[in-house]
Amino acid sequence: FPHILPCLLQSLFSRKQREAQSAPGWKLFGKVPLRESPPKDSKTIQQEYEARASKSDQSLSLPAQGRRKNLEFEPLSTTALILEDRPANLPAKSEEEAQRHRQEYDEMVAEAKKRELKEAQKKKKQMKERFKQEESIVNAMVVWNNEILPNWESMRGTRRVRDLWWQGLPPNVRGKVWSLAIGNELNITSDLYEIFLSRAKERWKSFRETGSEMESDGTADRESSLDLIKLDISRTFPPLFIFQKGGPYHDLLHSVLGAYTCYRPDVGYVQGMSFIAAVLILNLEEADAFIAFANLLNKPCQMAFFRVDHELMLKYFAAFEVFFEENLPRLFNHFKSYNLTPDLYLIDWIFTLYTKSLPLDVACRVWDVFCRDGEEFLFRTGLGILRLYEDVLLQMDFIHIAQFLTRLPEDTPSERLFSCIANTQMISSNRKWTQVFNALIKDKEMEKSSSPTVKNT
């Protein structure tokens, strides 16, 4: 008996399992037998529908074979469920309802096909534009390398070269043209860069050993704080992940910025410099990037901002507002009504030369023309941005305008922006940017000279 019991229990257990498998199952709409076959997926349902539809009355719907020919659309998992019959415990569909569901399914498929075709046309257009752009870049590259760069001094100011410049520089000549256009008034050499880089490395070593950064005279240089440089590098083009710690250009960017703080301790390091240095590093060799960086920051406009010369910065803002009112009077008055001044958005744009505000490829094209036209183009670009988004900005209040201009849309279109810049005239009362700016400087000097001096008695 003991050896028979396990066999009986096993037989009983297996029989109960078979009964359980054939027993009715509980469904959402009541107790109905479980399906003998597994649930159908959307593709199976679609195929069954097509088979049924091909046999149905052609007056009710088009033949499925003709309708589905060359259709590259796979319904979503729920799309074809509308064609499935109801559960057995529910009333079957009427012919009219079944036909309506077939019609709705056809409409869904047709709409999906329409979207797919539209997307394909869009991609085809984008691809065509891309090929056209690449062909244009190759042609321009040949002209720059074979004709313009070998004859730089004689050709840089010609109408043909200026027009080519406006269209954007080919990437492989961009760095060379930037270097030539920025110039080297400071007469910095590669050897001089190595000297200041060595000094920077000594300071980094001292900083690691002592935990504080001291100059030779014993005073701390706050602006060139290594902590600030380190922090700013980590925030430089983070999506690219090439300047952050572990990235291929991290040490290079650190070297250029460190060398500059030793070269110009009077300026030191200011937040925003890392973006400018990073763009130069992407287009130039290390020493050439440092030379261009130092000379670029030595330009009057950049020096005024990076040395935080408040009076001079206010003159730049005042000149900008003259052309703002001239070009965009409605938006100018809208900003005035909220007392929204240019410093709220221009400081960030100028400090980083638009590299933080615009997509990198668009910012590089801005740099192309900035190297051609000088500081005037920086403010013209600002007006171009305001023109591009004028309709949107006119609907906003102070807070939303400030937020929008601080973080411009990531998909800012290059061609539309440059069209807006081209439509921005930098002439006011027959005076150009330089004349307006110099007049503001003279007015300030006259105010100073005419103000009475108070002597202490």
Side-chain angles (χ1 to χ4, degrees), residues 125-185 276 279-280 282-285 288-289 291-293 295-296 299-302 323 326-327 353-355 358-385 387-388 412-428 430-437:
K125 185 180 178 183
Q126 288 175 342
M127 193 64 72
K128 189 176 180 181
E129 288 176 355
R130 183 179 172 184
F131 286 146
K132 186 179 178 182
Q133 186 180 14
E134 288 177 354
E135 186 180 4
S136 175
I137 289 172
V138 170
N139 293 334
M141 180 182 67
V142 172
V143 174
W144 279 98
N145 280 321
N146 296 343
E147 298 179 39
I148 301 172
L149 290 175
N151 305 288
W152 174 252
E153 290 302 330
S154 60
M155 290 194 68
R156 63 179 298 181
T158 63
R159 180 64 180 270
R160 181 192 177 201
V161 172
R162 289 181 64 83
D163 288 344
L164 271 175
W165 214 329
W166 175 269
Q167 294 167 19
L169 297 170
N172 73 327
V173 302
R174 178 167 272 151
K176 180 66 175 176
V177 175
W178 284 0
S179 289
L180 290 169
I182 292 169
N184 187 12
E185 292 181 356
I276 297 175
V279 173
L280 290 169
L282 288 174
N283 290 277
L284 291 162
E285 295 298 324
D288 293 330
I291 294 168
F293 181 69
N295 279 277
L296 183 57
K299 304 291 183 185
C301 180
Q302 276 61 53
F323 294 96
E326 187 81 27
N327 283 276
L353 299 180
Y354 295 98
T355 53
L358 294 172
L360 186 55
D361 60 326
V362 181
C364 284
R365 190 173 167 190
V366 169
W367 277 43
D368 291 344
V369 189
F370 163 57
C371 289
R372 186 193 79 172
D373 294 353
E375 66 183 40
E376 174 186 321
F377 190 74
L378 294 178
F379 297 94
R380 191 180 179 190
T381 298
L383 292 172
I385 291 171
R387 183 185 291 277
L388 177 63
T412 300
S414 177
E415 292 303 325
R416 283 185 59 201
L417 173 59
F418 270 78
S419 176
C420 290
I421 295 172
N423 291 328
T424 300
Q425 302 301 316
M426 299 301 280
I427 295 178
S428 177
N430 292 322
R431 295 183 304 170
K432 296 182 179 179
W433 166 267
T434 307
Q435 294 170 312
V436 170
F437 181 73

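Remember, it's a predicted structure, so these values are computed and weren't measured experimentally. Hydrogens, waters and symmetry mates play no part in the numbers below; they use all other heavy atoms, side chains included.
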Hey, does [Y] have a side-chain heavy atom less than 4.5 Å from the side chain of [X]?
X	Y	value
N423	N327	no
L353	Q302	yes
V279	C364	yes
L388	T412	yes
Q425	L383	no
F131	K128	no

[atom1] of [X] to [atom2] of [Y]: how many Å apart, nearest 0.5 Å?
X	Y	atom1	atom2	value
F370	I182	CZ	CD1	7.0 Å
E134	M127	CD	CE	9.0 Å
W367	L296	CH2	CG	6.0 Å
C301	E376	SG	CD	12.0 Å
Q435	I427	CD	CD1	9.0 Å
T158	I148	OG1	CD1	7.0 Å

- Message: Test of understanding: with side-chain contact (heavy atoms from CB on, under 4.5 Å), list the residues that count as partners of E135, not counting sequence neighbours.
- Response: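 Here the qualifying residues are N139.
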- Message: Which residues pass the side-chain contact (heavy atoms from CB on, under 4.5 Å) test with P171, not counting sequence neighbours?
- Response: I137
Distance-only donor-acceptor pairs under 3.5 Å for side chains of residues 414-422, two or more places apart:
from, atom 1, to, atom 2, distance (Å)
S414, OG, R365, NH1, 3.2
E415, OE2, R365, NH1, 3.1

- Given L358 and I385, is the side-chain contact (heavy atoms from CB on, under 4.5 Å) satisfied, shown in steps? CA-CA 10 Å; L358 294 172; I385 291 171; 4.2 Å; yes
- Task: Return the set of residues passing ring pair (Phe, Tyr, Trp, His ring centres under 6.0 Å) with F323 (not counting sequence neighbours), or none when no residue passes.
- Result: W433
- Task: Determine, stepwise, if the pair V177 / L149 fulfils side-chain contact (heavy atoms from CB on, under 4.5 Å).
- Result: CA-CA 8 Å; V177 175; L149 290 175; 4.0 Å; yes
- Query: Can you name the nearest heavy-atom pair linking P170 to W144, along with the distance?
  - Reply: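 Smallest interatomic distance, heavy atoms only, reads CD-CD1, 3.7 Å.
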- Item | Shortest non-hydrogen separation from L280 to A289 and the atoms involved | CD1-O, 3.9 Å
- If a pair satisfies side chain to side chain donor-acceptor pair (under 3.5 Å) and one of its residues is in residues 166-178, list it, with sequence neighbours excluded. R174-D368, W178-D368
Could you tell me whether the side chain of [X] and the main chain of [Y] form a donor-acceptor pair under 3.5 Å?
X	Y	value
D288	L284	no
Y354	T381	no
R162	G157	no

- Message: Per the salt bridge (Lys or Arg N to Asp or Glu O under 4.0 Å) rule, what does the pair list look like for residues 151-161, sequence neighbours excluded?
- Response: E147-R160, R159-D163
- Message: Is it true that, when you exclude K299 itself, more than 12 heavy atoms of the residues, nucleotides or ligands shown sit nearer than 6.0 Å to its NZ?
- Response: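 Yes, the 6.0 Å shell around NZ holds more than 12 heavy atoms from other groups.
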- Return yes when atom CD of Q126 has more than 12 non-hydrogen atoms of other residues, nucleotides or ligands closer than 6.0 Å, and no otherwise.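 For Q126, atom CD is crowded (more than 12 foreign heavy atoms under 6.0 Å).
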